[in-house]
Amino acid sequence: MISRSLARALLASVALLTASVLLAGCDTDQVSLATNAKANQPVPPKLLAAMVEKDMDLQSPILVRLFKQEAELEVWKQARNGQFALLKTYPICRWSGDLGPKVREGDRQAPEGFYSINPGQMNPQSAYYLSFNTGYPNAFDKALGRTGSQLMVHGDCSSRGCYAMTDEQIAEIYSLGRESFFGGQKAFQLQAYPFKMTPVNMAKHRNNPNMPFWKMIKEGYDHFEVTRQEPKVDFCERKYVFDATKTPDAKRDPVFDASAKCPAYVIPENIASAVRDKDARDQVEYNKLVAKGTPIARMNTGIDGGMNKIFASKIPEGSTGLSENAEGSTLEMLAMAKAPGTIPGHVNPPKPNLDAVAATPANQEPVVAVSAPAATTRVAAAAPASEKSQEKSSGGFFSNLGRKMGLGTADTTATTPPPQATASVAPTAAPATPPTATSRLKAAVTRFVPGRDTSKDAPKPTVATAAKPAEPVKPDTRLAATRPALKPSVSDGASEATQIMGAAPVVSSNSFDSRFGAVK
């Protein structure tokens, strides 16, 4: 009897060990997808109900699209007919930089292009609630000598090259990605665009130096639009290639190298013809828009990024920056709406990058770098604690505006919580600014910050006043507890989860079977 019991115990141990080994693939363990309560939150009931309505399985594949100008993140999910359908659109709380691809470490640019997210890129221990790594730079970026690292989609609504959501939103997005991996998806595709690639937007930005790059990634956009299938992405001759297959006489699939000459390949005719037809229609509409004089979008490279209108309406002196406001609605009207998640107190709305404005000649339009490789490759590091504390501090409008924006040289998203400041430093008087620079900076702020009272900028008598002490930095206690408090879901729905195909019963979060039983 004892021998049989011991044998059963040994067999159970071996089974658990084998399961752990099977889960330990793809850079880091899939076990790391749900190692804490935040990462183990179930998909909200409202999203489950939407999946039932759209004929989707809980663990079917997903695809993510990001748009800077619209400040939106879309989650698409595969339905049972094999095609992807839009499940939910999330407003982006903050993105940094300008419209255009990321070029080098420290340029504050959020990436644009096509990236692949595998389980090893999911970060349940993020300093910004939850996150996943975009995978920048991809092979195309590397072929152009582009540099940068740790570019994330995360919570906290703070960005230095990332796409920042609210904590509640990233919890939902993370749960959808986690379940798709549990269902067998090896990696989901992330498509990042400057704007929705419509004829109107292409006409507005027709003089932008990034247009050759945007036309190239629009091909992938069109492939997805006409097929509702995840496009296969390859790289050769420093360009993107979509849905390439071997030629009829080839015996094996073509081998692609981003820096090498393209191999012989073909695009399936049903896809190629559908894309050609769509592109022809778009070109006709584009020509009409240009002919009737559609205004060219102003290149506001002095502004640091954008914010969705719903969040800008909740913040004092809020501005959407490089993101567009809703047609027919003002920030005052949107202020009555409910924000999808908690907006942290240290969030900074998009405002002019005063360093960039001061460095640009008064009569010269800024130029965006397209594909120039960086001179040197630097080892990326997490953002210093001092930079993060600067984001949460406050001070005079002009002397502290750049610091409040979190200007820094490192790209964002530390994977561990930043240490808290233990002492505050008394502020010093700002050095005198030459009259010409001052007038230019004030003009930039007046131009880019809606609703700013310009009468306050009139010269006033100099009065000696005591320096205002800096407010103490509030310690971030979200990550201090071993079991962090969970954010409520942004999806309002029924109190009971709808059981759908592929869904497992909700059980304790520390149950091995509940979270990993679906992984093959």
Side-chain angles (χ1 to χ4, degrees), residues 38 64-75 89-99 102 107-112 115 117 121-136 148-174 177 190 192-194 303-315 318-323 339-351 353 382-383 387-392 404-408 410-415 417-418 476 478-479 487 490:
K38 292 184 300 182
V64 173
R65 298 202 303 182
L66 289 159
F67 303 97
K68 290 179 178 177
Q69 182 172 279
E70 291 80 6
E72 291 179 349
L73 181 151
E74 297 177 345
V75 176
T89 300
Y90 296 87
I92 297 174
C93 195
R94 195 70 169 89
W95 59 271
S96 65
D98 197 359
L99 299 181
K102 183 172 183 62
D107 63 6
R108 296 182 63 86
Q109 285 291 103
E112 292 176 8
Y115 299 90
I117 316 300
Q121 292 164 245
M122 306 292 282
N123 184 11
Q125 305 293 343
S126 175
Y128 303 111
Y129 200 71
L130 291 168
S131 66
F132 62 84
N133 194 315
T134 62
Y136 176 92
S149 63
Q150 299 299 312
L151 280 303
M152 302 276 185
V153 176
H154 61 67
D156 193 60
C157 196
S158 175
S159 172
R160 290 193 198 90
C162 296
Y163 293 96
M165 320 300 293
T166 60
D167 291 353
E168 293 87 347
Q169 288 188 117
I170 194 61
E172 279 193 18
I173 298 165
Y174 189 99
L190 174 71
Y193 300 99
I303 293 181
D304 182 26
M307 169 179 281
N308 190 277
K309 54 192 176 290
I310 189 65
F311 298 115
S313 67
K314 312 294 181 187
I315 301 170
S319 168
T320 56
L322 296 176
S323 297
T342 304
I343 305 175
H346 58 263
V347 63
N348 292 306
K351 292 180 182 178
N353 182 332
E387 293 181 2
K388 292 308 296 179
S389 64
Q390 286 174 4
E391 281 190 356
K392 302 182 182 180
K404 285 175 65 179
M405 291 167 58
L407 296 178
D411 296 313
T412 185
T413 311
T415 55
D476 187 356
R478 284 180 310 188
L479 301 175
K487 302 281 183 175
V490 296

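Remember, predicted model here, so these are calculated numbers, not experimental data.
Judged by distance alone, with hydrogens and angles left aside, the side-chain atoms of Ser131 form no donor-acceptor pair with the main-chain N or O of Met152 at under 3.5 Å.
Scored by the side chain to side chain donor-acceptor pair (under 3.5 Å) test, Tyr174 finds no partners at all (sequence neighbours excluded). By the side chain to side chain contact (heavy atoms under 4.5 Å, CB included) test, Asn308 pairs with Ala71, Glu72, Pro91, Ile310, Phe311, sequence neighbours left out. Annotation: salt bridge (Lys or Arg N to Asp or Glu O under 4.0 Å) contacts of Glu74 (sequence neighbours excluded): Arg65, Lys196. Applying the side chain to side chain donor-acceptor pair (under 3.5 Å) criterion to Glu168, with sequence neighbours excluded, gives Thr342. Remark: Ala171 engages Gln41, Tyr129, Leu130 in a side chain to side chain contact (heavy atoms under 4.5 Å, CB included) (not counting sequence neighbours). For Thr134, the side chain to side chain contact (heavy atoms under 4.5 Å, CB included) criterion is met by Pro111, Tyr136, Leu151, Val153, Leu190, not counting sequence neighbours. A search for ring pair (Phe, Tyr, Trp, His ring centres under 6.0 Å) contacts involving Tyr193 returns Phe67, Phe114, Tyr221, not counting sequence neighbours. Here Tyr115 pairs with Asp141 under the side chain to side chain donor-acceptor pair (under 3.5 Å) rule; sequence neighbours left out. Applying the side chain to side chain donor-acceptor pair (under 3.5 Å) rule to Gln169 yields the partners Thr166; only residues at least two apart in sequence or on another chain are considered. Tyr163 pairs by the ring pair (Phe, Tyr, Trp, His ring centres under 6.0 Å) definition with nothing, not counting sequence neighbours.
A salt bridge does not link Lys351 with Asp304: none of the charged nitrogens is closer than 4.0 Å to a carboxylate oxygen.
Side-chain contact between Arg94 and Pro350: present, with at least one pair of heavy atoms (C-beta onward) separated by less than 4.5 Å. Ser323 has its side chain out of reach of Met307: every pair of non-hydrogen atoms, C-beta onward, lies at least 4.5 Å apart. Ile92 has its side chain within reach of Met165: a pair of non-hydrogen atoms, C-beta onward, lies under 4.5 Å apart.
Inspection of the His154 and Asn123 side chains reveals no N or O donor paired with an N or O acceptor under 3.5 Å.
To the nearest 0.5 Å, atoms OH (Tyr128) and OG (Ser158) are separated by 5.5 Å. For the atom pair Phe132 CZ and Met122 CE, the distance stands at 6.5 Å (nearest 0.5 Å). Here Cys93 contributes atom SG and Ile170 contributes atom CD1; the two are 12.0 Å apart, rounded to the nearest 0.5 Å. Rounding to the nearest 0.5 Å places CD1 of Ile303 at 6.0 Å from OG of Ser319.
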